[in-house]
Amino acid sequence: MEIRKLPSESPLPLDLLLSADPSEKLVKDYVKRGQCYIAEADRQIIGVYVLIPTRPETAELVNIAVTEEWQGKGIGKALIKHALQTAKSQGFKTIEIGTGNSSISQLALYQKCGFRITGVDRDFFIRHYQEPIYENGIACIDMIRLSMDI
Ligand code: COA
């Protein structure tokens, strides 16, 4: 498995990006503002993440996703580790990430990687998404914000 920056002229792995965020508008906006990295195995894209500069010395990791057949094999953790190293090498001091209140495994993964909860953006998913989102039998309403100093 190799992780590399997606050249700007290459087509986006849109289906994979949308598995992390159902809003095509938000996904395209994130990609325009940030740098998109992909994980490849057997010349197939199996993972993706986008790193966006947000405030001075702060970047946000968005749209992290791994194809279903490769999930649970450590690729998500490897992408997060790569994102932390990339952000650090570019001079960022803090990295942030956000996920839904219903995204139980994502909340577990991010905390296992060292992120700590900093706050809750209440009603984020009501404000930004037309369709209701349910995961693990829980309505996705609030965004849990996490961060890590790097
Ligand atoms: N309780 C405790 N730990 C849990 C858990 C739970 N309910 N669910 C998952 N985990 C842990 C696993 O045990 C593992 O940690 P470990 O290696 O210490 O055992 C870790 O989370 C998963 O790691 P990994 O295999 O690297 O993740 P992955 O390759 O499956 O990728 C996602 C994770 C989230 C990127 C992937 O599931 C995905 O693409 N999901 C769809 C898109 C998405 O939701 N993106 C995030 C948007 S916020």
Side-chain angles (χ1 to χ4, degrees), residues 1-6 10-55 58-88 92 94-148 150:
M1 194 267 295
E2 191 206 351
I3 302 174
R4 66 179 174 93
K5 194 168 177 178
L6 185 71
S10 299
L12 288 175
L14 199 57
D15 285 349
L16 194 53
L17 289 162
L18 289 170
S19 74
D21 185 330
S23 164
E24 192 167 328
K25 185 177 165 293
L26 284 185
V27 166
K28 286 190 168 160
D29 177 57
Y30 288 145
V31 172
K32 217 176 341 169
R33 286 163 50 203
Q35 315 159 36
C36 185
Y37 286 82
I38 51 165
E40 281 177 316
D42 309 329
R43 307 178 81 183
Q44 304 279 334
I45 298 180
I46 60 163
V48 70
Y49 74 82
V50 179
L51 197 61
I52 328 178
T54 50
R55 291 190 299 280
T58 301
E60 182 163 352
L61 176 52
V62 295
N63 274 118
I64 181 161
V66 173
T67 55
E68 249 174 66
E69 57 273 39
W70 283 87
Q71 289 177 12
K73 296 180 167 68
I75 310 289
K77 264 191 177 173
L79 286 169
I80 291 173
K81 210 171 143 198
H82 188 273
L84 297 173
Q85 281 163 358
T86 302
K88 196 170 179 174
F92 291 103
T94 303
I95 188 149
E96 296 183 333
I97 198 161
T99 195
N101 58 284
S102 50
S103 300
I104 304 298
S105 57
Q106 288 80 349
L107 283 167
L109 170 61
Y110 302 155
Q111 291 179 86
K112 282 182 173 182
C113 288
F115 284 91
R116 289 183 56 196
I117 292 173
T118 50
V120 179
D121 190 348
R122 282 175 69 91
D123 295 321
F124 177 90
F125 292 94
I126 306 284
R127 280 186 270 116
H128 295 283
Y129 294 81
Q130 307 278 348
E131 301 293 321
I133 306 169
Y134 276 85
E135 291 172 298
N136 303 301
I138 306 167
C140 183
I141 298 168
D142 304 316
M143 181 183 281
I144 309 297
R145 304 286 315 163
L146 301 98
S147 89
M148 191 194 309
I150 51 175

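Read the numbers this way: they start at 1 and go in the same order the structure lists the ligands and their atoms.
- Ligand 1 has a nitrogen or oxygen under 3.5 angstrom from a nitrogen or oxygen of Lys112.
- Below 3.5 Å of separation, one finds an N or O of Ile64 facing an N or O of ligand 1.
- The nearest heavy-atom contact from the protein to atom 26 (O) of ligand 1 is Lys77 N, 2.8 Å.
- More than 12 non-hydrogen atoms from other residues, nucleotides or ligands lie less than 6.0 angstrom from CZ of Arg127.
- Those atoms of ligand 1 that come under 4.0 Å of a heavy atom in Lys73, given as number and element, are 25 (O).
- Nearest-residue assignment for atom 35 (C) of ligand 1 (options Ile144, Val66, Ile104; heavy-atom criterion): Val66.
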* Going through the checks in order, is the side-chain contact (heavy atoms from CB on, under 4.5 Å) test met by Gln71 and Glu69? -> CA-CA 6 Å; Gln71 289 177 12; Glu69 57 273 39; over 6 Å; no
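- Residue Ala20 touches ligand 1 through backbone and side chain together, judged by heavy-atom distances below 4.0 Å.
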* Does the pair Glu40 and Met1 meet the rule for a side-chain contact (heavy atoms from CB on, under 4.5 Å), with working shown? -> CA-CA 6 Å; Glu40 281 177 316; Met1 194 267 295; over 6 Å; no
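- Between Asp29 and Arg33 there is a salt bridge, since at least one side-chain N of the basic residue sits less than 4.0 Å from a carboxylate O of the acidic one.
- Between Gly74 and ligand 1, at least one pair of N/O atoms sits closer than 3.5 Å.
- Which parts of ligand 1 touch Leu109 is read off a 4.0 Å heavy-atom cut-off, strictly below it: atoms 20 (C), 21 (O), 22 (C), 23 (O), 33 (C).
- Looking at ligand 1, you won't find any N or O of Thr99 less than 3.5 Å from one of its N or O atoms.
- The closest approach between a heavy atom of Tyr110 and any atom of ligand 1 is below 4.0 Å.
- Rounded to the nearest 0.5 angstrom, Glu2 CD and Ile46 CD1 are separated by 11.0 Å.
- A side-chain donor from one of Ser102 and Glu135 sits under 3.5 Å from a side-chain acceptor of the other.
- Below 3.5 Å of separation, one finds an N or O of Gln106 facing an N or O of ligand 1.
- For the side-chain contact (heavy atoms from CB on, under 4.5 Å) with Phe115, the qualifying choice from Leu109, Thr99, Leu84, Ile144 is Leu84, the only one to do so.
- In summary, the atoms of ligand 1 found under 4.0 Å from a heavy atom of Ser19, numbered by their order in the structure, are 41 (C), 42 (C), 43 (C).
- The aromatic rings of Tyr129 and Phe124 lie tilted to each other, with the angle between the two planes from 30° to 60°.
- A donor-acceptor pair is defined here as one N or O able to donate and one able to accept, closer than 3.5 Å; such a pair exists between the side chain of Asp142 and the backbone of Asp123.
- If you check which protein heavy atom lies closest to atom 30 (O) of ligand 1, you get Gly72 N, 2.8 Å.
- The protein atom (non-hydrogen) at minimum distance from atom 4 (C) of ligand 1 is Ala108 CB, 3.5 Å.
- One finds the OH atom of Tyr110 at 8.5 Å from the OG atom of Ser105 (value rounded to the nearest 0.5 Å).
- Here Glu60 does not pair with Arg55 in a salt bridge; the nearest charged N to carboxylate O distance is not below 4.0 Å.
- Looking only at protein heavy atoms, the nearest one to atom 40 (N) of ligand 1 is Gln71 NE2, 3.6 Å.
- Atom 9 (C) of ligand 1 has its closest protein heavy atom at Ser105 CB, 3.5 Å.
- Backbone and side-chain nitrogen or oxygen atoms of Gly76 are examined, and one is located within less than 3.5 angstrom of a nitrogen or oxygen of ligand 1.
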